[in-house]
Q: 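Sharing a structure with you now.
A, B, ... follow the sequence lines: proteins, then strands. Residue 1 opens every chain. These numbers were taken from a predicted model, which means no experiment stands behind them.
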Number of protein chains: 2
Amino acid sequence: MTETRLDLDQYLCFAIHSAAQAVGRANKPLLDKLGLTYPQFLVMLVLWAEDGQTVGGIGDRLFLESNTLTPLLKRLETAGYIHRTRDAADERQVRIRLTEKGRALRETAKGEKIEWVDRVFEGDQDAAQALRQRITALRDKLLPEKLPPAKAALAKPASDKPPKE
Amino acid sequence: MTETRLDLDQYLCFAIHSAAQAVGRANKPLLDKLGLTYPQFLVMLVLWAEDGQTVGGIGDRLFLESNTLTPLLKRLETAGYIHRTRDAADERQVRIRLTEKGRALRETAKGEKIEWVDRVFEGDQDAAQALRQRITALRDKLLPEKLPPAKAALAKPASDKPPKE
DNA sequence: AGGTTATCTATCGCACGCGATATAATCGCG
DNA sequence: CGCGATTATATCGCGTGCGATAGATAACCT
């Protein structure tokens with residue numbers, strides 16, 4: 001019959017897929033304390049690092065687009081963590097700004113610790129870093145050509161000539 | 001200000017999260033040819049290896065539960081790839097069986113190739129295997145211990161102080 | 001200037017993932 | 001045997017992801 005033995009773990013894509021699910025579940029207790037979902041927490045991380053970013057700017061860092069971010073940001077606004085206001089200079093953009101409550105949440109978050117990394121790697125920080133780098137390298141090779149996010153934001157973009165297709 | 005520079009890639013959880021998204025996008029062209037979503041494809045993989053499994057059996061392999069699988073399986077049934085029938089011996093269970101169309105899809109799938117693994121690893125199979133193993137090891141350390149139901153009860157002697165909670 | 005094109009955000013629809021709960025069948029135990 | 005506990009699946013609600021598309025505003029071009 002079709003009793004071909006199947007080991008799903010032989011598929012790299014399933015390994016990553018299922019690992020991401022497992023990580024999500026492992027993060028859940030911490031996020032519940034903050035009252036945030038994981039994507040919401042990522043947005044707060046981005047805003048804690050730099051307030052007043054645009055929807056698109058946040059999306060560049062998180063690899064998300066407005067169809068995902070707009071509803072998410074509205075929920076964060078309803079929860080009282082952020083304000084959403086059109087940029088006066090460019091009315092197409094929406095600037096996301098932390099409220100006092102949103103900034104305060106950062107202190108709560110700092111008090112919490114991601115416990116599962118220690119539990120899994122048992123102090124072997126090098127192994128954790130190596131794995132992290134390999135995974136991000138894999139991701140960056142898969143993503144369509146987009147400028148490396150954090151660094152590009154630092155330097156003022158000199159007007160260059162993008163080669164057109 | 002709060003201009004702490006943020007490198008999200010320093011977080012292992014974000015690395016995995018974003019890598020899983022990237023892998024999903026990379027798989028999309030292949031899945032579109034098959035007319036399946038990625039979770040649907042995983043279910044088909046499981047069934048191609050062993051037909052006639054129960055909902056729970058499939059869920060064990062994919063780390064999913066009936067709240068996710070039931071609607072997904074109904075869609076596969078609507079698409080004509082599977083049948084869902086109650087097990088005669090145990091009417092609680094639902095057996096999932098491939099249709100002829102479902103089996104035929106396997107041949108189509110075999111003709112397709114996951115191209116991005118080669119593109120990313122450029123023939124370095126060892127690197128791909130090593131990464132895969134590290135990721136699955138991470139996942140397995142994160143997942144709660146699942147005891148094979150009946151067997152664990154046998155070995156357990158009569159220490160009848162159930163954990164109060 | 002005016003018309004075209006590009007950019008930015010929002011909206012809609014669908015498919016997961018999952019917590020909470022419901023329902024039905026089976027098991028366990030006196 | 002009967003009744004409570006357990007198991008298997010289903011249902012409901014919400015929050016993402018994401019393709020497709022719409023709408024408004026800005027940039028561009030001759």
Q: So, using ring-ring contact (aromatic ring centres under 6.0 Å, His included) as the criterion, who are the partners of B:Y38 when residues are at least two apart?
A: A:H17
Q: Looking only at side-chain N and O atoms, does A:T37 come under 4.0 Å of OP1 or OP2 in D:dG15?
A: no
Q: Take the protein atom CG of A:D87 and the nucleotide atom C1' of C:dT7, then report the distance between them rounded to whole Å.
A: 14 Å
Q: Are OP1 or OP2 of C:dC16 and a side-chain N or O of A:Q21 less than 4.0 angstrom apart?
A: no
Q: Could you tell me whether the side chain of A:N67 has a donor or acceptor atom within less than 3.5 Å of a complementary atom in the base of D:dG17?
A: no
Q: Looking at B:T70, does any N or O in its side chain come under 4.0 Å of the phosphate oxygens OP1/OP2 on D:dA10?
A: yes
Q: Out of A:L31, A:L30, A:D32, which residue meets the side chain to side chain contact (heavy atoms under 4.5 Å, CB included) rule with A:K28?
A: A:D32
Q: CG of A:D32 versus C1' of C:dC18: gap in Å, rounded?
A: 12 Å
Q: Given that A:L72 and A:D90 both sit by DNA chain D, which one's nearest nucleotide is further toward the 5' end?
A: A:L72
Q: Distance check needed: D:dG17 P versus A:H17 NE2, whole Å only.
A: 13 Å
Q: Just how far, in rounded Å, is P of D:dT9 from NZ of B:K74?
A: 13 Å
Q: I'd like to know if the side chain of B:R61 and the backbone of B:G57 have a donor-acceptor N/O pair within less than 3.5 Å.
A: yes
Q: Students often get this wrong, so: under 4.0 angstrom with heavy atoms, is B:A89 touching a base, only sugar-phosphate, or nothing?
A: sugar-phosphate
Q: Please determine, for the side chain of B:R92, which listed nucleotide (C:dA15, C:dG19, C:dA24) has the closest atom?
A: C:dA24
Q: When the nearest nucleotide of DNA chain C is assigned to A:R95 and to B:P71 on a heavy-atom basis, which residue is associated with the more 5' position?
A: A:R95
Q: Do A:S18 and B:R139 pair up side chain to side chain, a donor and an acceptor below 3.5 Å, judged on atom types alone?
A: yes
Q: Does C:dA15 have OP1 or OP2 under 4.0 Å away from a side-chain N or O of B:R75?
A: yes
Q: Could you check how far CG of A:L64 sits from C1' of D:dG19, rounded to whole Å?
A: 14 Å
Q: Does B:S66 contact D:dA8 through a side-chain donor or acceptor facing the base, at a distance under 3.5 Å?
A: no
Q: Identify whether any heavy atom of B:T68 sits under 4.0 Å from a base atom; if not, whether one sits that close to sugar-phosphate; answer base, sugar-phosphate or nothing.
A: base
Q: Could you say whether A:R25 or A:R86 is positioned toward the 5' end of DNA chain C, judged by the nucleotide with the nearest heavy atom to each?
A: A:R86
Q: Nearest nucleotide by nearest heavy atom, which residue falls closer to the 5' end of DNA chain D, A:Y38 or B:V55?
A: B:V55
Q: Can you list everything that forms a side chain to side chain contact (heavy atoms under 4.5 Å, CB included) with B:R134? Sequence neighbours excluded, please.
A: A:L131, B:A130
Q: Quick one: is A:R84 getting a side-chain N or O under 4.0 Å of the C:dA10 phosphate, OP1 or OP2?
A: yes
Q: Could you give the NZ-to-C1' distance, from A:K28 to D:dT16, as a whole number of Å?
A: 14 Å
Q: Counting N and O atoms only, with roles assigned by atom type, does the side chain of A:R95 sit under 3.5 Å from a partner on the main chain of A:G52, one being a donor and the other an acceptor?
A: yes
Q: Using a cut-off of 4.0 Å on non-hydrogen atoms, how would the nucleic acid contact of B:E65 be classed: base, sugar-phosphate, or nothing?
A: nothing
Q: C:dT9 C1' sits how many Å from A:E77 CD, rounded?
A: 14 Å
Q: Let me know the distance between CD of B:Q93 and P of C:dT26, rounded to the nearest Å.
A: 10 Å
